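Heads up, the thing below is written out as structure tokens.
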Number of protein chains: 2
Amino acid sequence: MSQAAESDLVERLLDGEHRALARVITKIESRAPGYRDIVSELYAHTGDASVVGITGSPGAGKSTLVDKLAKFYRDRGETVGVIAVDPSSPFTGGAVLGDRIRMASNIGDMDVFFRSMSARGQLGGLSTATADAVKALDAFGKDRIIIETVGAGQNEVDIVKTADTVVVLVQPGSGDDVQMLKAGILEIGDMFVVNKADMSGASRTVAELKEMIHLRDDPRANLDMGHHGIDGFEAANGTESDEADEATDEETWMPQVVETIATTGEGIDTFVETLDDHYEFLERTGELDEKAKQRAAEEIRQLLQGDIGALLEAELESQGGIDSFAEAIAARETDPYAVTEEILAPLRECLDETDD
Amino acid sequence: MSQAAESDLVERLLDGEHRALARVITKIESRAPGYRDIVSELYAHTGDASVVGITGSPGAGKSTLVDKLAKFYRDRGETVGVIAVDPSSPFTGGAVLGDRIRMASNIGDMDVFFRSMSARGQLGGLSTATADAVKALDAFGKDRIIIETVGAGQNEVDIVKTADTVVVLVQPGSGDDVQMLKAGILEIGDMFVVNKADMSGASRTVAELKEMIHLRDDPRANLDMGHHGIDGFEAANGTESDEADEATDEETWMPQVVETIATTGEGIDTFVETLDDHYEFLERTGELDEKAKQRAAEEIRQLLQGDIGALLEAELESQGGIDSFAEAIAARETDPYAVTEEILAPLRECLDETDD
């Protein structure tokens with residue numbers, strides 16, 4: 001695709017053509033040639049949408065809740081885009097395609113633009129791809145963007161962290177969910193929704209969540225919880241503590257617990273109210289800008305890491321491939337440090353010359 | 001420390017001086033200046049030791065088992081080195097220092113060289129540091145090297161994977177352990193030791209383990225188990241499947257389950273017999289060489305990643321720091337892709353010139 005054709009695609013997206021939006025997201029998802037120029041062009045047009053990330057285990061009622069949330073926004077006259085991400089699936093569509101059809105039929109207008117995204121074998125880049133897709137929806141002019149993802153692994157955490165507000169959906173009385181919350185998700189939730197609140201055990205789940213939120217804000221309790229050896233949790237935990245330290249005198253957001261019955265729509269109004277409260281808090285305290293900067297820094301790091309990895313692989317190949325190095329090491333002809341130095345030498349020399 | 005002093009330290013280590021060995025490992029652990037030259041120099045002298053990695057949750061009886069294993073080797077006239085790694089502790093010694101004293105008093109000779117290592121804030125590099133410490137023990141002339149680590153997170157998995165044989169210690173009847181096994185460790189165990197085999201529930205644990213091993217070798221079962229969203233598990237799972245595909249016609253190792261009562265020494269002989277069987281299998285099938293090559297490739301990748309990260313951070317700093325880029329992005333003056341390209345441009349240009 002030529003540069004001109006890409007610019008044309010961007011033009012059509014900015015003009016509000018849903019087909020162009022869909023094509024751009026496909027390019028983003030598959031890392032098609034030229035997708036970077038497209039995202040770069042779109043960037044200047046972003047910054048007006050509010051982004052909600054929703055995660056929770058399968059069966060907690062995520063898609064129904066997202067459906068109701070989208071409808072609520074539409075009824076208020078706002079436009080909505082939904083990105084459903086399934087990191088465990090290598091395919092687009094599939095299981096989530098059903099949701100897509102369901103939503104279209106329920107709401108019946110294209111202002112709820114629904115799109116599923118999958119890993120496609122490049123797990124590491126999925127959060128970057130999600131962030132890029134959000135940019136496309138934002139530039140398109142969607143007022144509200146919802147990122148929906150299944151589960152609680154590190155990938156899911158990275159994905160929902162690209163949102164302004166992180167919502168964790170919990171099913172009452174499921175021991176699994178309490179385990180999940182310990183494993184990284186609790187730390188990043190701005191809001192917890194106990195869905196199926198009419199189920200037995202719902203009030204206990206609410207109480208447990210409130211207790212957990214209390215513990216999370218207690219540094220001594222944090223220490224206790226940091227010993228599970230799960231990467232995601234410890235990373236999130238670390239960030240959380242740093243922020244808390246800096247902001248002791250400032251207004252802070254206390255994670256909220258909301259009860260809903262998504263199937264009947266009960267509690268959705270309170271849910272949206274709390275979402276609005278959080279966004280208003282982010283704007284008022286300058287946290288929204290702060291988050292945007294942190295995300296930008298994180299995006300730079302992710303891109304640099306990916307690009308430098310590709311540069312290195314190319315450099316390794318041009319020097320005979322990693323296997324030949326590994327064989328030489330196994331034969332004790334050389335060692336990993338000498339090899340690393342050898343591979344990096346051209347890069348170091350270049351950088352030294354540039355700096356001079 | 002001068003190059004000459006480092007070479008002297010290496011000489012003394014190769015001459016069998018335990019104090020020099022201890023100093024080298026301290027340098028490796030703290031990434032002291034010159035440690036890379038030391039490891040490089042030692043490399044040519046490695047390759048004679050067999051390395052066993054032992055992991056399991058706290059309280060499963062790891063240190064007692066390691067103690068008895070070391071004694072068994074000593075009684076056979078072999079020399080032994082033990083590295084105990086605790087990724088959750090930022091300190092050296094501490095909790096594991098007790099073990100160190102205990103072992104010294106139990107065995108009473110320095111041919112069991114015991115050393116603890118900790119994260120010291122550089123989690124990512126702990127598996128590289130462990131591999132380097134193993135090299136030091138190997139070059140020193142220890143016949144048997146035991147790596148002992150607590151828990152089952154990704155870090156622990158990376159650490160025990162630096163061994164030739166991976167042993168997973170399981171405590172009978174603990175639901176926790178079954179959970180742990182699902183989360184990454186099952187995939188890498190060459191052997192499972194049910195310790196405290198006199199406890200109630202031991203035979204059930206053995207049966208469950210055998211069932212799990214059976215499931216692990218069934219590709220359909222693997223598919224089912226791959227949906228937990230835990231990075232470590234999926235990575236290990238992927239590798240496992242690839243290997244299984246390649247080696248369908250070749251002799252394969254079926255993970256063994258062994259019962260021990262470490263406190264009384266019961267079952268230790270069978271444990272060592274199975275360890276010997278596995279090592280003999282590795283040698284006979286060429287797997288030992290294959291593993292050495294894979295480890296070498298992995299070490300190169302880890303080192304490259306770390307070094308290139310440092311190069312990038314320096315490059316970022318020299319261009320004004322990541323924060324200034326992030327602010328410009330948040331203000332929509334530029335975008336992450338443009339920034340990444342800008343930062344990498346000097347590198348790309350240099351490499352292109354070098355290739356010409």
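Because the structure is a prediction, the values reported are computed rather than measured. These numbers come from the heavy atoms of this one structure, side chains and all, not from hydrogens, waters or symmetry mates. Chain letters run A, B, ... following the sequence lines, proteins first, then strands; residues in each count from 1.
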Is the backbone of B/Val85 close enough, under 3.5 Å, to the side chain of B/Thr149 for a donor and an acceptor to pair up by distance? yes
Check whether B/Ile329 gets within reach of chain A through its side chain, its backbone, both or neither, counting any heavy atom under 4.5 Å. both
Which answer fits B/Ile343, side chain, backbone, both or neither, if we ask what part of it has an atom under 4.5 Å from a heavy atom of chain A? side chain
Measure B/Glu313 against the heavy atoms of chain A and call it side chain, backbone, both or neither at under 4.5 Å. side chain
Looking at A/Ala292, A/Gly47, A/Ala338, which has the largest count of heavy-atom pairs under 4.5 Å with chain B? A/Gly47
Chain B contact via A/Asp132 - which portion, at a heavy-atom distance below 4.5 Å: side chain
Side chain from CB out, backbone as N, CA, C, O: work out which of these in A/Ile300 comes under 4.5 Å of a heavy atom of chain B, or both, or neither. both
A/Lys293 side chain vs B/Ala326 backbone, donor-acceptor pair below 3.5 Å: no
If we ignore angles and hydrogens, is there a donor and acceptor under 3.5 Å between the side chains of A/Asp335 and B/Ser40? yes
Return the set of residues passing side-chain hydrogen bond (donor to acceptor under 3.5 Å, both in side chains) with B/Glu333 (not counting sequence neighbours), or none when no residue passes. none
The criterion is side-chain hydrogen bond (donor to acceptor under 3.5 Å, both in side chains); which residues satisfy it with A/Gln319, sequence neighbours excluded? A/Glu315
Can B/Gln294 and B/Glu298 be counted as having a side-chain donor-acceptor contact under 3.5 angstrom? no
Do B/Arg332 and A/Thr46 have side-chain N/O donor and acceptor atoms under 3.5 Å apart? yes
Proximal component of B/Leu42, with respect to chain A [non-hydrogen, under 4.5 Å]: neither
Between chain A and each of B/Thr334, B/Ile308, B/Asp323, B/Val339, count heavy-atom pairs under 4.5 Å; write down the option with the most. B/Ile308
Looking only at A/Glu299, A/Glu341, A/Gln305, A/Arg295, most heavy-atom pairs under 4.5 Å shared with chain B are made by A/Glu299
